[in-house]
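Below: one structure, written as structure tokens.
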Amino acid sequence: MSSAGNELKLLSTWFSPFGSRVKLALHLKGLSYEYVEEDLMNKSQLLLQSNPVHKKVPVLFHRGKALCESMVIVDYIEEAFPDAGPRLLPSDPYERAVARFWVAFIENKFVAPWCQMFDVTKTREEKAEGLKQILAARATMEGALEEYSKQGKPFFGGDSVGCVDIALGGLLVWVRASEVLSGVKLLDAATAPLLSAWAERFAALDAAKAALPDFGRVLEYATKMRGPAAAKAVAVLNK
């Protein structure tokens, strides 16, 4: 790991899929960092002061300056440490724009309806609509991955993991947990063979093993979310 640890501090929670994105970027780049666990039910002054707009994790501190929003942070890590580890964004401006398009697609068409589907404050119809949007997004991403596969590329980033892989990969453990809770398979080999194979490759990466939370622990936490505290917990998970 690079000695950037004295410059970098990550404020997050062990279960945050958005915090996992930042951890993935840091581990892929080989950057050391200080980790600070946040209690989102009793938010610290550090969080409230460093992210006064959304009051949510993750927050990355670099040389004392706070950065918020998971994929904004990933972009920043690439720009601040371009020579550390593999590139997380393409060097070509057009390819970089395409990558950012897919990141936005994942945020708007997958993450947003996914949160809606498990929000207990939503109606059954709203949850069903959320699932419909997720399945449509899955089909679109399966098609995009097919194009990369035709070129012999194992990841959305090409030969190595990029920002699009991080955007989706940070959610993997939670997607698996939500599959168990909902009974709806989102990334299984029968309905999304390419995404399923991609998920296996991604989960096998050293960075993923280091950055992603334990599945059993997440499943236990997600099960508790279905109880009286569910509405609060879903709000907490939002980036």
Side-chain angles (χ1 to χ4, degrees), residues 1-38 46-47 50-51 56-107 111 141 144-145 148 153-175 198-214 239:
M1 285 271 181
S2 165
S3 60
N6 60 348
E7 301 178 341
L8 294 169
K9 178 165 68 175
L10 175 61
L11 180 63
S12 189
T13 66
W14 68 268
F15 57 81
S16 171
F18 307 107
S20 291
R21 288 171 165 178
V22 179
K23 290 179 183 178
L24 283 164
L26 291 168
H27 283 278
L28 286 164
K29 297 292 265 182
L31 299 169
S32 59
Y33 60 97
E34 177 188 355
Y35 176 74
V36 179
E37 179 73 12
E38 176 67 30
L46 179 61
L47 176 59
S50 58
N51 189 359
K56 294 175 181 177
V57 296
V59 178
L60 182 71
F61 298 89
H62 184 208
R63 296 173 180 168
K65 296 180 179 179
L67 298 129
C68 309
E69 301 293 323
S70 59
M71 294 311 296
V72 172
I73 296 172
V74 171
D75 267 12
Y76 177 83
I77 290 170
E78 174 61 34
E79 293 180 5
F81 303 95
D83 299 324
R87 293 193 64 92
L88 304 180
L89 282 158
S91 56
D92 178 75
Y94 174 78
E95 292 180 0
R96 189 160 59 245
V98 170
R100 285 175 171 150
F101 166 87
W102 283 112
V103 167
F105 179 88
I106 290 169
E107 299 289 65
V111 175
M141 289 187 288
L145 197 55
Y148 288 104
K153 307 296 184 182
F155 297 105
F156 287 100
D159 292 319
S160 62
V161 167
C163 64
V164 181
D165 300 280
I166 290 172
L168 188 59
L171 312 174
L172 269 183
V173 175
W174 272 99
V175 168
W198 167 87
E200 294 293 332
R201 287 193 296 272
F202 189 91
L205 296 170
D206 290 340
K209 293 175 182 177
L212 298 180
D214 176 72
K239 61 185 176 179

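All values below were derived from every heavy atom in this structure, side-chain atoms included, with hydrogens, water molecules and symmetry-related copies excluded.
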| Is the shortest heavy-atom distance from the side chain of L168 to the side chain of V175 under 4.5 Å? | no
| query | Hey, does C68 have a side-chain heavy atom less than 4.5 Å from the side chain of S50? | reply | no
Could you tabulate the donor-acceptor pairs under 3.5 Å formed by side-chain atoms of residues 84-92, not counting sequence neighbours?
from, atom 1, to, atom 2, distance (Å)
R87, NE, L89, O, 3.0
D92, OD2, Y94, N, 3.1
D92, OD2, E95, N, 3.0

| task | Any chance you could measure S12, atom OG, to E38, atom CD, to the nearest 0.5 Å? | result | 9.0 Å
| Side chain R21, main chain V74, donor-acceptor under 3.5 Å | no
| Is any side-chain heavy atom of R100 less than 4.5 Å from a side-chain heavy atom of D75? | yes
| request: Can you see which heavy atom on G169 is nearest to which on L24, and at what distance? | output: C-CD1, 4.1 Å
| Heavy-atom side-chain proximity of F105 to M141 below 4.5 angstrom | yes
| query | Which value, rounded to the nearest 0.5 Å, describes the distance between L26 atom CG and I77 atom CD1? | reply | 4.0 Å
| task | Taking the side chain as every heavy atom from C-beta outward, state whether P213 and W14 have any atom pair closer than 4.5 Å. | result | yes
| task | Show your working on side-chain contact (heavy atoms from CB on, under 4.5 Å) between L60 and K9 and close with a plain yes or no. | result | CA-CA 6 Å; L60 182 71; K9 178 165 68 175; over 6 Å; no
| Do F61 and L46 come within less than 4.5 Å of each other through their side chains, counting heavy atoms only? | yes
| query | Does the ring center of Y33 lie less than 6.0 Å from the ring center of H62? | reply | no
| query | Got V173 and P17 here, is their nearest side-chain heavy-atom distance under 4.5 Å? | reply | no
| field | Check against side-chain hydrogen bond (donor to acceptor under 3.5 Å, both in side chains), E78 and Y76 | value | CA-CA 5 Å; E78 174 61 34; Y76 177 83; over 6 Å; no
| query | Which distance, rounded to the nearest 0.5 Å, do you find between the CG of N51 and the NZ of K56? | reply | 9.0 Å
For residues 155-167, which side-chain N or O atoms pair as donor and acceptor with protein atoms under 3.5 Å away, sequence neighbours left out?
from, atom 1, to, atom 2, distance (Å)
D159, OD2, K153, NZ, 3.2
D165, OD1, F156, N, 2.9
D165, OD1, W198, NE1, 2.8
D165, OD2, F156, N, 3.4
D165, OD2, G157, N, 2.8
D165, OD2, G162, N, 2.9

| Would you say the side-chain atoms of W174 pair up with the backbone N or O of S16, donor to acceptor, closer than 3.5 Å? | no
| Is it the case that K23 places NZ or CZ above or below the six-membered ring of Y35, under 6.0 angstrom from the centre and within 45 degrees of the axis? | yes
| said: For the CE atom of M71 and the CD1 atom of I73, what is their distance to the nearest 0.5 Å? | reply: 10.0 Å
| query | Taking atom CG of L205 and atom NE2 of H27, what is their separation to the nearest 0.5 Å? | reply | 12.5 Å
| From CD1 (I106) to CG (L171), nearest 0.5 Å | 7.5 Å
| message | Quick one, F81 and E7 - any side-chain contact, counting heavy atoms below 4.5 Å? | response | yes
| Taking all atoms of both residues into account, what is the closest heavy-atom pair of V22 and P58, and its distance? | CG2-CG, 3.8 Å
